[in-house]
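To find a chain, count down the sequence lines: A is the first, B the second, and so on, and within it residues start at 1.
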Amino acid sequence: MSSLDTNETLRDLHSAATSHRGDRVFNRVITGAAFTSLIVLAGIAIFLGLQAIPAFQSQGLAFLTTTAWDINTDPPTAGIWGMLYGSVLLAVIALVIAVPASILLSVFMVFLAPPKIAKILTNLVDLMAAIPSVILGLWAFYILNPPAEEWQQLLNQYLGWIPIFENASGNFLGTPFIAGFVLAIMMIPIVTSVTREVLGRTPPELINAAESLGCSLWTMLRYVALPYGRGGIVGGVMLGLGRALGETIAVFFVLKLVYDTNWYKVIESGGGSVATLIVSRFGEVTGPFELQLLLAAGFFLFLGTLVVNMIANLIVSRTGRLQK
Amino acid sequence: MSTAEFESVQTLEEQMVESAAPRDLAMDARNLSVWFGKRKVLEGVNIAFPERTCTALIGPSGCGKSTFIRTLNRLHELIPGAALAGSVLYEGKDIYDADIDPVHIRLKIGMVFQKPNPFPSMTIRGNVLSGLKLSGMKRDDHDAIVESTLTSAGLWNEVKDRLDHAAGDLSGGQQQRLVIARALAVEPNVLLMDEPCSALDPASTLKIEETIRELSKNVTIIIVTHNMQQAVRVSDHTAFFLAAENEPGHVVEQGLTTEIFSNPKDQRTLDYVNGRFG
């Protein structure tokens, strides 16, 4: 037979497999749905980017590198460096509190707790994720603030010689620490639920191997379960971080917003957060130009969370490769 | 009778005499009964394991062999609801005594599992040394340990040029020998093997069997196997386990492997070793 004939008998098996009418419709619907999310994302980016152009033209690079919000001067000056930095600082504080807490909680649920208690805990932690952030903010304002004030006073009293625990004003309210603590409470359910899932999937034969080599729970975790689940845990942390970076209302209740850069004094009153800047100014915005400035700030917040998520994906895929 | 045949008979007899000679016991299970929750899975097991011999545990699936082997290094107790009666003597002491540290027991009584389980994120070298690291043992001669244990496990020549490669790159049979080397690195006196070849191809199985024969000159080996020929090839002693339906498993017959396979006293043993059930 000639090669031409062979060509003629070739059949497109894939289209044959999807020729069923119901399948075709279903395929189009899910493809459409998948693209919708992309279109929405692109739409938000374009809208924010376009709005940000005038603000960026008037302020130049100083918008990102300086800290000021003097709208009524002529010309108005605005810079969000302190806010951007503040968002990151709050997220770091939240990470420092939430990550160890979540890992310990997950280890308890997976390896130590009796199944019934583990199940109850799982439900409780998932329920924590369902608390609206405005409720959490109110709770933090009325309930968390008084004891947190005392904790910070103690920190300052005993560890005040460490620069991050300096406090010159004697005011321990509205600090990055409290705001970071509230963010940590919001991150814990996310990070815990991912970590629990990943630790629960540690292959039993590896646990067997560790046990038969006479290792304690701690060494098993350190050398077997945590390295095995590293990719997933980092992914969970980044998910939580995304939430912490963008969180607005809960922070708004407990952070004293100052147009200055609080570099490291975590228990000193006053800090910054892009999202909180936007929500606090939006209600009393003085004109279209300030609105554009706020939208520009929003654009960079959006960019920041996007970058965090991309880094997270990179880390997760890299650890995934290593494990293979 | 030709000379060759005569010689082979003689070696067999020599082996039998050697195995039958009185030796110190490495381990001794006495009247051992085991439960999972309310279900009794083993009843009144008495087996003595002479030092530096290989004992095969045979029997159909579900007769409690694997459970039994896991009671010998206190892995059984890690399963929720596990309970046990009787005693397991090691160096003359019951390993279940209150003052015995299970971690110490698991180091002295190593274990190799059915599925090769090297730590995938560690290198070959790292895997061999992982027992030292996990148990916090301090040793200086790491290179010597790596070479000697991999040699004992019959893997050294295949991996000596790539000790820093990931353990996951090895074939299943190589991984299983790596796991044996890992178990040997903490210098156990007893090595438990739970169907170590059941996930391997015949060539790898042969290599592992050679390794077992070689190792049993220095270490007491207790091996669970479903492969009758394997039991004959590697073991000095054999114990035959059996469980009637909904009854706990027990030892039907035990003795020299040659006796169990050529001249069993119990009809059920005869049927099982001849492949009539199981």
Does a side-chain N-to-carboxylate-O contact under 4.0 Å join [X] and [Y]?
| X | Y | answer |
| --- | --- | --- |
| B:Arg177 | B:Glu158 | yes |
| B:Asp194 | B:Lys65 | no |
| B:Glu209 | B:Arg213 | no |
| B:Glu77 | B:Arg106 | yes |

Side chains of B:Phe119 and B:Leu178 in contact at under 4.5 Å (non-hydrogen atoms) =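 Side chain of B:Phe119 against side chain of B:Leu178, heavy atoms only: no contact under 4.5 Å found.
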Note, A:Leu213 side chain near B:Ser135 side chain (heavy atom, < 4.5 Å) |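 Answer no - side chains too far apart.
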Considering only heavy atoms, which portion of [X] lies under 4.5 Å from any heavy atom of chain A: side chain, backbone, both, or neither?
| X | result |
| --- | --- |
| B:Ile105 | neither |
| B:Pro118 | backbone |
| B:Arg70 | side chain |

Report the option among B:Asn73, B:Val186, B:Leu75 that has the most heavy-atom pairs separated by less than 4.5 Å from atoms of chain A.
->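 Looking at each option in turn, the highest pair count goes to B:Leu75.
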Just checking, is any N or O donor in the side chain of A:Thr219 or A:Ser216 under 3.5 Å from an acceptor N or O on the other one?
->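 Yes, A:Ser216 and A:Thr219 have a side-chain donor paired with an acceptor closer than 3.5 Å.
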Counterpart residues, side-chain contact (heavy atoms from CB on, under 4.5 Å), relative to A:Ala113 (two or more places apart) |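 With neighbours one apart ignored, the set is A:Phe108, A:Ile117, A:Ala118.
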Per-residue contacts, residues 126-133 of chain B versus chain A, heavy atoms under 4.5 Å =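 The list, in residue order, reads B:Ser130, B:Gly131, B:Lys133.
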